[in-house]
Chemist: 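Let me give you the structure first, and then I'll get to my questions.
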Amino acid sequence: MRSISLYTERNTVIHAMDPISKLFYILFALLIPIILPSIKVSIVCVVLGLIFLLVARVFKKTIPVFSFVFLILLTVIIIQGLFRPGNQTTLFHFGPFTLYKEGLMFAFGVAFRVINIVSAFMILILTTKPSDLVESLVRKGLSSKIGYVIISVFQIIPEMMSSMETITDAQRSRGMETEGNLQTRMKAFLPLLGPVILGSLANTKERAMALEVRGFNSKGPKTYLLEEKKYRYSKVVQWGILLGIACALAWRILV
Amino acid sequence: MKKIIVENLKYKYPLSEKLALNNVSFEIEQGEFIGVIGRNLSGKSTLCQAMVGLVPHFYKGAYGGKVIIDGLEVRNYSIADISLKVGIVFQNPFTQITGSKMTVYEEIAFGLENLGISRAEMINRIDFALNLLKIAPFKERSPFDLSGGQMQRMAIASIIAMKPEIIVLDEPTSQLDPEGSEEVFRAIQDLSKQGITVILAEHKMEKMAEFCNRILLLDDGKVVDFDVPEKVFSRDDLGEHGVNAPVYTRVCKALNKKKAGTNDYPVTLEEAVRVLGGMGL
Ligand SMILES: Nc1ncnc2c1ncn2[C@@H]1O[C@H](COP(=O)(O)OP(=O)(O)O)[C@@H](O)[C@H]1O
Ligand SMILES: [Mg+2]
């Protein structure tokens, strides 16, 4: 089945981890560099994130995302290195420009934090089935309605794309040009939006009714067909992460 | 035992000027197979939805009279409560897929999970529904990965697993190819054989004449007739109500061949053969 999810099936320790633990790790990656702003700490975190991505054997999948992030970060580094207020220590000149140490260090700090957070999210997204994540959250108390919306978006959007393809095929068979340069393609694409969006709206009403009559708004407690997935060491990992954050806080306050 | 009692039901959709159902009254017995016919916009879908509480709870709008299903007055109960008694299947098999389940098996579980049915009971019911609708071979497939007829049978199975005593089907074959329609009609007959009370809105009159114990003819939101198929299809004013009799009835009418000892024309192939057989055809 087609899916818009970036989940990549692999048999690794990271894949077998509780999705909630991965959310904890995102929290960790967000907080640690804020609590301990030293650039060394950020580097350690980045290395940790990259190791996890390698262990999960999804590093290749991250390359497009990282290339995009690097492009943005490069501009940050150049602009900060050249123009950050408070720039004093000259590193070197090229032409009329001077690169300063303060701006550069600041930009590297930002860059490491961003890479750190991006890797933490990639670990979650690339190694977790969306439905597993949502199911874990619903069992932890997330509203099952919100859970439904999230999961169904992952399934229904690919279906909309395939209905778009059907309509495109129909139009092509009637002689409409649907390929070629951007302009022709836009011309072919826009008339599609009408039927697809109107169709989806009409479908939404019917789907809402179909859900209603299957007890979607039932007040009582829900049950689950699938046994709750048992993840090993979840508690240890999650408490470990919290402990790590607490230690960082203590270090910051005491030292 | 009276399974369904409808008394002076009147209903107007919000923002609409006109009554979609106008003083509708009828009663249905346990285990009956009831057909609902009428031209487009005559109120078939509205009536079907009134049986499960979508009218009025889903749409709101102005509502008068009573619908009593197995002792419950629909107006006073939530759709989730009513869904334990009556299930409904819609036209479009695609929009009845929840879109949140990976396999046919899990899809059928959706309603049971919402109702809080225990896992052991759920598995029993899903297996029963899969077998009754003959879709067990596809249970591990993606719900989107089925033919129209299979998808519609999955929609029926999803409702049957909730163990309603009544099932309402609103033109369940109108978007299917002939083969898919045939599969679904056979499935509906199987449901009826299980003792489930069936209400079917449908345009294929030959099928209606063959399956139904009684037929409810609607026009402009009003009940024109509610009787056995021979009586309803023998009416002279069928055309004025926008309905065609089954082809067998039309042939016999043209030849003025009534069923022996009655005032009614044959409605099925066998009856027609019996009546026309005497002509040496
Ligand atoms: N959602 C709606 N809002 C307003 N009016 C509606 C709606 N659905 C149906 N109607 C009106 O109710 C009447 C009966 O329609 P419907 O029950 O769909 O008939 P049928 O199923 O026999 O074609 C029609 O006049 C129609 O225009
Ligand atoms: Mg209708």
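Note that the structure is a prediction, hence the values are computed from the model and not measured.
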Chemist: Centre of Phe90(B)'s six-membered ring, under 6.0 Å away, within 45 degrees of the axis: is that where NZ or CZ of Arg207(A) sits?
Modeler: no
Chemist: Determine yes or no for a side-chain-to-main-chain donor-acceptor pair under 3.5 angstrom, with Tyr224(A) supplying the side chain and Arg119(B) the backbone.
Modeler: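 A pair under 3.5 Å: no.
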Chemist: For Arg214(A) and Glu107(B), what are the C-alpha separation, side-chain angles and deciding distance, and is it a salt bridge (charged side-chain N to carboxylate O under 4.0 Å, His left out)?
Modeler: CA-CA 11 Å; Arg214(A) 286 168 77 188; Glu107(B) 173 73 23; 3.2 Å; yes
Chemist: How about Ile79(B) and Asn217(A): do any of their side-chain heavy atoms sit closer than 4.5 Å?
Modeler: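 When only atoms from C-beta onward are counted, Asn217(A) and Ile79(B) do not touch, as no gap falls below 4.5 Å.
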Chemist: May I ask you to name which of Pro164(B), Gly53(B), Ala80(B) has the most heavy-atom pairs under 4.5 Å with chain A?
Modeler: Ala80(B)
Chemist: In terms of heavy-atom contacts, does CD of Glu73(B) have more than 12 from other residues, nucleotides or ligands at under 6.0 Å?
Modeler: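 Buried by this count: over 12 neighbours within 6.0 Å.
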Chemist: I need the single residue from Ile117(B), Ile123(B), Leu112(B) that forms a side-chain contact (heavy atoms from CB on, under 4.5 Å) with Leu225(A). Which is it?
Modeler: Ile123(B)
Chemist: Answer with side chain, backbone, both or neither: which region of Phe110(B) has an atom nearer than 4.5 Å to a non-hydrogen atom of chain A?
Modeler: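 Both parts, heavy atoms under 4.5 Å.
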Chemist: Quick check against the 3.5 Å criterion: does Glu212(A) have a side-chain atom that pairs as donor or acceptor with the backbone of Leu54(B)?
Modeler: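 No, because the side chain of Glu212(A) does not come within donor-acceptor range (under 3.5 Å) of the backbone of Leu54(B).
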Chemist: I'd like to know which of His57(B), Gln91(B), Met122(B) tops the heavy-atom pair count under 4.5 Å against chain A.
Modeler: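 So the answer, after comparing His57(B), Gln91(B), Met122(B), is Met122(B).
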Chemist: For Gln49(B), which atoms come within 4.5 Å of any heavy atom of chain A: side chain, backbone, both, or neither?
Modeler: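 Looking at Gln49(B), just its side chain touches chain A.
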Chemist: So how far is it from Phe216(A) CZ to Ser83(B) OG, rounded to the nearest 0.5 Å?
Modeler: 13.5 Å
Chemist: Within the supplied structure, the quantity of interest is the number of heavy atoms (other residues, nucleotides, ligands) at a distance under 6.0 Å from Lys66(B) NZ; does it exceed 12?
Modeler: no
Chemist: Is the number of heavy atoms from other residues, nucleotides or ligands within 6.0 Å of CZ (Phe121(A)) greater than 12?
Modeler: no
Chemist: Taking side chain as everything from C-beta outward and backbone as N, CA, C, O, which of these in Ser78(B) sits under 4.5 Å from a heavy atom of chain A? Side chain, backbone, both or neither.
Modeler: neither
Chemist: Give a yes or no on whether Phe26(B) atom CZ has more than 12 heavy-atom contacts from other residues, nucleotides or ligands under 6.0 Å away.
Modeler: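 Enclosed.
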Chemist: Would you say that more than 12 heavy atoms from the other residues, nucleotides or ligands in this model lie under 6.0 Å from the NZ of Lys222(A), or not?
Modeler: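 More than 12 heavy atoms, drawn from other residues, nucleotides or ligands, come within 6.0 Å of this atom.
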Chemist: Quick one: OG on Ser131(A) to CD on Glu106(B), what's the gap to the nearest 0.5 Å?
Modeler: 8.0 Å
Chemist: Would you find more than 12 non-hydrogen atoms of other residues, nucleotides or ligands less than 6.0 Å from Lys145(A) atom NZ?
Modeler: yes
Chemist: Flag yes if more than 12 heavy atoms outside Asn11(A) fall under 6.0 Å of its CG atom; otherwise flag no.
Modeler: no
Chemist: For Lys219(A), is it the side chain, the backbone, both or neither that has a heavy atom under 4.5 Å from a heavy atom of chain B?
Modeler: neither
Chemist: Would the number of heavy atoms belonging to other residues, nucleotides or ligands and lying under 6.0 Å from CZ of Arg39(B) be above 12?
Modeler: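 Counting neighbours around CZ of Arg39(B), more than 12 heavy atoms of other residues, nucleotides or ligands fall under 6.0 Å, so yes.
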Chemist: Using non-hydrogen atoms and a 4.5 Å limit, figure out which bit of Leu226(A) sits close to chain B: side chain, backbone, both or neither.
Modeler: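 Contact with chain B involves both backbone and side-chain atoms of Leu226(A).
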Chemist: May I have the step-by-step check of side chain to side chain contact (heavy atoms under 4.5 Å, CB included) for Met209(A) and Tyr59(B), ending in yes or no?
Modeler: CA-CA 10 Å; Met209(A) 291 202 291; Tyr59(B) 294 98; 3.4 Å; yes
